[in-house]
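For reference, the structure is listed below as structure tokens.
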Amino acid sequence: MKFEQFLNALDIGHCQDQQQREALFDLVLLFVIIDGVVAYSEMTFMKDWLATIKWNNELSKDEYYDVTLAKCKTAQENDQVEDFIAHRCKLLVDPQMKEQALKLARDIVMVDGELDENEAKALAFLEKELAD
């Protein structure tokens with residue numbers, strides 16, 4: 001079964017699309033938690049959004065969400081936010097995906113009307129990474 005999944009994933013365009021969807025989701029989830037205040041409504045929104053994304057991963061969407069949330073928290077707690085952002089930005093190759101990532105990040109950090117230091121620093125780094 002896993003070999004079949006591997007063969008099916010050899011369609012490079014398909015793999016690349018999945019990687020970009022995951023990278024976009026990862027970045028958005030990071031920006032949701034980066035200020036240290038995570039509302040239940042934000043988590044519900046993220047899970048609902050993930051449910052609408054076309055998916056081709058051996059992890060279920062729920063498993064992926066949990067793993068990604070843990071990675072985001074670890075990055076935040078261990079001062080590795082820039083590494084996390086840089087890695088995900090490398091996976092975004094389509095200009096429209098880059099634009100979407102930047103727009104979503106900007107919208108998320110301004111939802112509460114305040115831009116805290118961690119959000120500002122991460123947003124500036126994201127802008128730089130996506131411009132390169």
Side-chain angles (χ1 to χ4, degrees):
M1 183 68 166
K2 288 198 185 249
F3 185 69
E4 269 183 331
Q5 288 174 334
F6 171 75
L7 291 177
N8 290 334
L10 285 177
D11 172 4
I12 299 303
H14 186 72
C15 289
Q16 188 177 46
D17 288 347
Q18 179 67 22
Q19 285 180 334
Q20 288 190 100
R21 286 189 293 268
E22 291 172 13
L24 180 63
F25 181 82
D26 294 359
L27 286 167
V28 172
L29 188 56
L30 176 71
F31 276 89
V32 165
I33 72 158
I34 204 159
D35 66 355
V37 179
V38 182
Y40 177 77
S41 60
E42 292 173 320
M43 291 297 118
T44 301
F45 173 82
M46 291 302 296
K47 286 185 176 186
D48 289 347
W49 180 43
L50 183 59
T52 68
I53 296 173
K54 184 178 174 185
W55 201 250
N56 183 25
N57 188 314
E58 65 183 39
L59 292 178
S60 72
K61 290 179 180 182
D62 288 335
E63 291 169 326
Y64 187 82
Y65 177 87
D66 292 340
V67 168
T68 302
L69 182 60
K71 287 179 183 178
C72 290
K73 287 179 178 179
T74 298
Q76 182 184 25
E77 293 165 358
N78 294 301
D79 198 27
Q80 297 173 334
V81 168
E82 289 183 356
D83 293 337
F84 186 93
I85 292 171
H87 178 264
R88 282 14 180 232
C89 285
K90 288 178 185 168
L91 299 173
L92 297 175
V93 295
D94 294 337
Q96 64 270 24
M97 290 296 277
K98 291 178 180 183
E99 288 175 27
Q100 188 175 11
L102 194 52
K103 181 188 180 324
L104 289 169
R106 286 177 178 153
D107 290 349
I108 289 166
V109 298
M110 293 311 298
V111 161
D112 62 3
E114 296 179 26
L115 183 66
D116 82 6
E117 182 181 338
N118 291 332
E119 291 171 325
K121 185 178 173 184
L123 188 56
F125 188 79
L126 177 67
E127 289 170 346
K128 177 185 158 296
E129 287 295 302
L130 292 176
D132 290 344

*Test side-chain contact (heavy atoms from CB on, under 4.5 Å) on Arg106 and Glu127 and set out the steps.*
CA-CA 10 Å; Arg106 286 177 178 153; Glu127 289 170 346; 3.1 Å; yes

_Exercise: identify the closest heavy-atom pair between Ala122 and Ile34_ = CB-CD1, 3.3 Å

*Could you give the distance from CD1 (Ile33) to CD1 (Ile108), rounded to the nearest 0.5 Å?*
11.5 Å

*Rounded to the nearest 0.5 Å, what's the gap from CD on Gln80 to SG on Cys72? Could you check?*
12.0 Å

*Using the test salt bridge (charged side-chain N to carboxylate O under 4.0 Å, His left out), find all partners of Glu82 that sit at least two apart in sequence or belong to another chain.*
none

*Should His87 and Asp83 count as side-chain neighbours, where that means a heavy-atom distance under 4.5 Å?*
no

*So, does Lys71 use its side chain to make a donor-acceptor pair with the main chain of Phe84 at under 3.5 Å?*
no

_Testing the basics here: between Gln76 and Gly36, what is the closest heavy-atom pair and its distance to 0.1 Å?_
NE2-N, 3.8 Å

*Please answer whether the main-chain N or O of Asn118 pairs with a side-chain N or O of Asp116 as donor and acceptor at a distance below 3.5 Å.*
yes

*First locate atom CD of Glu42, then atom CE of Met46, and finally report the distance between them rounded to the nearest 0.5 Å.*
9.5 Å

*Rounded to the nearest 0.5 Å, how far does NZ of Lys61 lie from CG of Leu50?*
6.0 Å

*To the nearest 0.5 angstrom, please state how far the CG atom of Leu104 sits from the CG atom of Leu29.*
12.5 Å

*Linked, directly or transitively: Leu30 and Val37 (ILVMFWY side chains, under 4.5 Å)*: no

*To the nearest 0.5 Å, tell me how far Leu102 CG sits from Leu24 CG.*
11.0 Å

Pairs under 3.5 angstrom only: tabulate donor-acceptor contacts from the side chains of residues 88-101 to other protein residues two or more places apart or in another chain.
residue, atom, partner, partner atom, Å
Arg88, NE, Asp26, OD2, 2.9
Asp94, OD2, Gln20, NE2, 2.9

*Check ring-ring contact (aromatic ring centres under 6.0 Å, His included) between Tyr64 and all other residues, then give those that pass, not counting sequence neighbours.*
Trp55

*Does atom CG of Asp48 have more than 12 heavy-atom neighbours from other groups under 6.0 Å away?*
yes

*asked:* Testing the basics here: between Val109 and Phe31, what is the closest heavy-atom pair and its distance to 0.1 Å?
replied: CG1-CD2, 3.5 Å

*Do the non-hydrogen side-chain atoms of Ile53 and Gln18 ever get within less than 4.5 Å of each other?*
no

_Single-linkage hydrophobic cluster, 4.5 Å side-chain cutoff, Val28 and Leu59 together_ = yes

